[in-house]
Amino acid sequence: MYLKPQNSSTYGYNGRLVLLFAGMQRTDSGIPEKFLKPYDPTATEDTIYALWEQSGYFNPDNLPGERNESFTVVLPPPNVTGVLHIGHAYEDALQDAVVRYQRMCGKKVLWVPGTDSAAIATQARVEKNIQKEEGKSRHDLGREELVRRVSEFAKNSENTILSQVKKIGASLDWSRYAYTMDDARYRAVMEAFIRMYEAGLIYRGNRIVNWDPKGQTTISDDEIVHEEREAVLYTFKYWKDFPIAISTTRPETKVGDTAVAVHPEDERYREYIGKEFTGEFAGVPLTIRIVADEHVEKEFGTGALGVTPAHSMTDWDIAERHDLPRIQVINEYAKMTDAAGPLVAGSKAVEARETIAAWIRDNGLMEKEEKVAQNVATAERTGAIIEPLPKLQWWVDVNKPFTIPYSEIPGIASGSETTLKALMRTAVESGAVAMPQERFRKTYFHWIDNLRDWCISRQIWFGHRIPIWYNGDEICAQIDSPGDGWVQDEDVLDTWFSSALWTFSTLGWPEKTSDLETFHPTSFMSPAYEILPLWVSRMILMSSFHLGQVPFKTVMIHGLVRDKQGRKFSKSLGNGIDPIDLVAQYGADAVRMGLLVGTAIGNDVNFDEQKVKGYKHFANKLWNVSRFVLENTVDAPIAEAPTLTNEDAELSVQLDTLLADVTSDFEKYQLYLASEKLYHYVWHTLADKILEDSKPLLAGDDTAARVSRQYTLYTLLSTSLKALHPFMPFVTEEIWQSLPHKETDMLMVTQWPYTA
RNA sequence: GGGCGUUUAGCUCAGUUGGUAGAGCAACUCGUUUACACCGAGAAGGUCGGGGGUUCAAGUCCCUCAACGCCCACCA
């Protein structure tokens, strides 16, 4: 009687009970007919996800009950034009498990979805398409048209990635969806730039950048791929009576040399330090000063380094330290400038290399030519060899002292003087950002110690255009044009600039929104270790500066998902696994479990499809346990607790003990342990032992014992569903929907079954 | 070159503060009297990469070597 549906029900043609609610037919035994077949995720998951969305519970404002403590996570925004790969699936599953657990624990949970414009990648892709389909370059289209086309493309592809994220079961608040290029984020980016500019932390400076001559843009260090190539190391003297021979693989740059650097303790050259020599090299008059610099390696080549300030990072730095002149001899098209002298001016740098080498030989100055293996920096996108060039760029100064008006970060007082670097270090050192994995703390600090100013300008068109205006010598930082005669800076911002604001730009900053008040700092962030320097540290920088807060309280860095042989997934290897295919084949719950169980956070995951298959079986196991329990409790008085037998009381305690353990694992973000324990319990304790032991009891004459066991089975099942829900949200919710007695209409907002 | 990892059963991985090695999958044996064959019962399988050290005791701590991997730098 107790299990008859309470809502509108009627009897079908053949006398079967038909339950109209949720369209589920019931069998004669009183349980929904769907339980007679194996669990079918494809028939279930989309419906369940729609049910969650309709409930509004993804939005913290709609969550039932009084929730005082907030718990916030922002989704690391995938590229708007991207497709979900297995790494996303892992990251999403991980975060969703945490988020669902916290929601069940009664917190005001917000998980913010979003996408990233990935400026360079997206523009490059669209440019390529246009080139292919219309034979036009971006210059043919013009800036405005290209930006329009790229934005359109981004908007059109957005749905792919978003629907894929949903397939995994991510319980994101879609009403707060953000895109790094939308209006609200645009405002935040502009505001952030202007504030930092006004604080003197953003400056324009001529510095050596990685110039991509093919893409005609600066690229960041992170977009460089080093390739090993064979090169010739030439050893020679600039002219006959020059006292020191130098070695180089790029003789063409030597017409731009202004110094020779030696190690201060190198006895061979000590006598020359500080002296200046003039002469002519390849038709160019040079003045070479001998300087002592500790960065010179005594053992390499002749132990003397020809310093070409304008075309090498290290040489630029040496020039900085010794106040040397800088002569640019190569231009943006990798051709020699007029300053390179009549011999090579106008020719390609690679050709000039041979010309100059020949000149050296012809003049009897060459001492040695040897083949060496060399690492050449190439552009990830275009494959072009990087030409280090001095260019006017925008920079974030990480070492400049400034007064921070407000700070909640321990060790940084409001109104005190600090630097961005110090903020980044202190935020983690003080524990305000908890980074529980020791090895990533080490990596982080190592990175901070070697941190240089951050180049934030990019010479592309798609992105946030720098809000700087020029009128003759006048410069003005503001969003809109100050008026006639003012021209805006051509460059756009590094995509990581906007990503770095993500934890608070998504919450409405620079407005003082209640979201910002309630949900920032965020609670938890779990990025891949790849982007620790790229993203994590820069979020800490931005949040500390603009809000005086850390961006997140805990960061758990996870590893990469690799293939079975430990190789990175990549298109060129053709070893990619589409998580959406996996979901179709095994169900999202199985994919989530396959990724989470037994993979310690921080280590790489060598992905094994067999594992996913195993968890598909597990979902079915849970399904059948439910069937068994429902069938055997259909006529039981389980609405209220009967007097329990000792044995049954013990079973409850046993599960409770497990839950204490699992809860503690959750609190430590050790999902790989929690999930494994629950799996083991459901399969090998609940199913294999308890259910089997119950069979004689359920068929027996001892009514009290039977009722006690029926009640217990039902409770153990419903508790297991709750505990498994963060990992396997779909199947648990689907079963929950068929339970005759439940505390809440939806499992996702039911209370977590253990309180410490 | 600097830094950080990984190496445990055939495969994929756990192993929290040192106390006689664990799981899943695969393989093997037996079992199909309805919760589930997307199953059950059972057995097998490891000198914890090599070597050395600390300790009553080491997969765990220290040193060293090797293989593999990642990050940073770019030797000009």
Side-chain angles (χ1 to χ4, degrees), chain A residues 31 35-40 221-222 224 226 231 233-235 246-250 253-254 257 260-261 295-297 299-308 311-315 318 372-377 386 388 437-447 449-452 528-534 559-560 562 564-568 586-587 590 593-594 597-600 602-632 664-665 668 670 672-673 676-677 679-680 683-684 687-688 691-692 694-695:
Chain A
I31 63 157
F35 283 108
L36 300 185
K37 287 181 288 187
Y39 173 62
D40 180 5
D221 292 347
D222 326 303
I224 288 179
H226 291 280
L233 184 66
Y234 302 92
T235 301
I246 56 157
S247 302
T248 185
T249 51
R250 300 197 62 190
T253 64
K254 298 290 104 181
D257 281 14
V260 164
H295 283 74
V296 179
E297 203 69 46
E299 279 70 38
F300 187 87
T302 58
L305 166 66
V307 182
T308 321
H311 299 286
S312 149
M313 295 274 182
T314 45
D315 293 12
I318 292 173
V372 291
Q374 190 190 27
N375 275 335
V376 181
I386 298 299
Q437 299 141 299
E438 190 52 40
R439 70 180 203 248
F440 293 120
R441 283 172 69 90
K442 279 190 211 164
T443 310
Y444 179 81
F445 289 128
H446 183 253
W447 184 79
D449 291 340
N450 295 304
L451 186 64
R452 302 187 189 197
Y529 56 70
E530 288 182 304
I531 51 174
L532 179 66
L534 227 49
L560 303 180
R562 302 169 171 285
K564 229 177 140 176
Q565 286 105 53
R567 301 174 306 178
K568 245 179 164 169
Y586 303 109
M593 286 292 275
V597 178
T599 53
N603 288 348
D604 286 349
V605 183
N606 287 3
F607 184 76
D608 184 359
E609 194 172 324
Q610 283 306 311
K611 211 171 150 188
V612 177
K613 192 176 162 193
Y615 292 108
K616 184 193 172 158
H617 295 175
F618 178 57
N620 192 51
K621 190 73 182 177
L622 187 62
W623 188 250
N624 281 294
V625 168
S626 304
R627 173 182 166 183
F628 178 88
V629 171
L630 290 179
E631 275 178 353
N632 285 288
S664 133
D665 289 337
K668 289 183 275 185
Q670 293 179 329
Y672 62 105
L673 296 178
E676 188 171 11
K677 286 169 190 168
Y679 169 91
H680 202 265
W683 200 311
H684 299 297
D688 289 347
L691 251 57
E692 291 306 323
S694 299
K695 287 175 181 173

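So that the names make sense, note that chain A is the first sequence line, chain B the second, and so on, each numbered from 1.
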What integer number of Å spans the [atom1] atoms of [N] and [M]?
| N | M | atom1 | answer |
| --- | --- | --- | --- |
| B:C48 | B:G22 | P | 14 Å |
| B:G10 | B:U47 | P | 8 Å |
| B:A76 | B:U16 | P | 44 Å |
| B:A57 | B:A21 | P | 16 Å |
| B:C25 | B:C39 | C1' | 16 Å |
| B:A37 | B:A26 | P | 16 Å |
| B:C13 | B:U8 | C1' | 9 Å |
| B:G46 | B:U7 | C1' | 14 Å |

Find every protein N or O atom lying less than 3.5 Å from an N or O atom of nucleotides 36-42 of chain B, and list the pairs.
| residue | atom | partner | partner atom | Å |
| --- | --- | --- | --- | --- |
| B:C36 | O4' | A:N624 | OD1 | 3.0 |
| B:C36 | O4' | A:N624 | ND2 | 3.4 |
| B:C36 | O2' | A:N620 | ND2 | 3.4 |
| B:C36 | O2' | A:N624 | ND2 | 3.3 |
| B:C36 | O2 | A:K621 | NZ | 2.7 |
| B:C36 | N3 | A:K621 | NZ | 2.9 |
| B:C38 | O4' | A:H617 | NE2 | 2.9 |
| B:C38 | O2' | A:N620 | ND2 | 3.1 |
| B:C39 | OP1 | A:H617 | ND1 | 3.4 |
| B:C39 | O3' | A:K621 | NZ | 3.0 |
| B:G40 | OP1 | A:K621 | NZ | 3.2 |
| B:G40 | OP1 | A:W683 | NE1 | 2.2 |
| B:G40 | OP1 | A:D688 | OD1 | 3.3 |

Identify the nucleotide, in any strand shown, that forms a Watson-Crick or G-U wobble pair with [N], with both distances under 3.5 Å; if there is none, say none.
| N | value |
| --- | --- |
| B:G49 | B:C65 |
| B:G10 | B:C25 |
| B:C70 | B:G3 |
| B:G18 | none |
| B:C38 | none |

| query | Would one find a side-chain N or O of A:S312 under 4.0 angstrom from OP1 or OP2 of B:C74? | reply |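 False: A:S312 side-chain N/O out of range (4.0 Å or more) of B:C74 OP1/OP2.
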
| Between A:Y615 and B:C25, does any side-chain N or O lie under 4.0 Å from OP1 or OP2? |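 It does not, given that no N or O in the side chain of A:Y615 lies less than 4.0 Å from OP1 or OP2 of B:C25.
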
To the nearest angstrom, how far is [X] atom [atom1] from [N] atom [atom2]?
| X | N | atom1 | atom2 | answer |
| --- | --- | --- | --- | --- |
| A:N603 | B:C13 | CG | C1' | 10 Å |
| A:R250 | B:A76 | CZ | P | 11 Å |
| A:M593 | B:U12 | CE | C1' | 15 Å |
| A:E631 | B:A35 | CD | P | 8 Å |
| A:E676 | B:U12 | CD | C1' | 12 Å |
| A:L673 | B:G22 | CG | P | 16 Å |
| A:K442 | B:G3 | NZ | P | 11 Å |
| A:I531 | B:C72 | CD1 | C1' | 17 Å |

Any donor and acceptor pair, going by atom type alone, linking the side chain of [X] with main-chain N or O of [Y] inside 3.5 Å?
| X | Y | value |
| --- | --- | --- |
| A:K611 | A:V597 | yes |
| A:W623 | A:D40 | no |
| A:T308 | A:H311 | no |
| A:D604 | A:L560 | yes |
| A:N620 | A:K616 | no |

| What class does the angle between the rings of A:Y615 and A:F618 fall in, given that below 30° is parallel, 30 to 60° is tilted and above 60° is perpendicular? |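 Because their plane-to-plane angle is over 60°, the rings of A:Y615 and A:F618 count as perpendicular.
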
| field | Which residue lies more 5' along RNA chain B, comparing A:E438 with A:H680 via nearest heavy atoms | value |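 With A:E438 and A:H680 compared, the 5'-side residue is A:E438.
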
| If you find the nucleotide of RNA chain B closest to A:H295 and the one closest to A:W447, which residue's nucleotide is nearer the 5' end? |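 Taking each residue's closest nucleotide, the earlier one in sequence belongs to A:W447.
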
Select base, sugar-phosphate, or nothing to describe what [X] touches, counting heavy atoms under 4.0 Å on all strands.
| X | result |
| --- | --- |
| A:R452 | sugar-phosphate |
| A:Y672 | sugar-phosphate |
| A:T249 | sugar-phosphate |
| A:F35 | nothing |

Heavy-atom closest contact ([X] atom, [Y] atom, distance):
| X | Y | answer |
| --- | --- | --- |
| A:I246 | A:T302 | CA-OG1, 3.7 Å |
| A:F35 | A:S626 | CE2-CB, 3.9 Å |
| A:V260 | A:G306 | CG2-CA, 4.3 Å |

| Which of these nucleotides, B:G24, B:A14, B:A76, is closest to any side-chain atom of A:Y679? |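 Of B:G24, B:A14, B:A76, B:G24 is nearest to the side chain of A:Y679.
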
| Of the nucleotides B:A76, B:C74, B:G2, which one has an atom closest to the side chain of A:V296? |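 Selected nucleotide (nearest to the side chain): B:A76.
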
| field | A:K613 atom NZ: more than 12 heavy-atom contacts under 6.0 Å | value |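 Open.
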
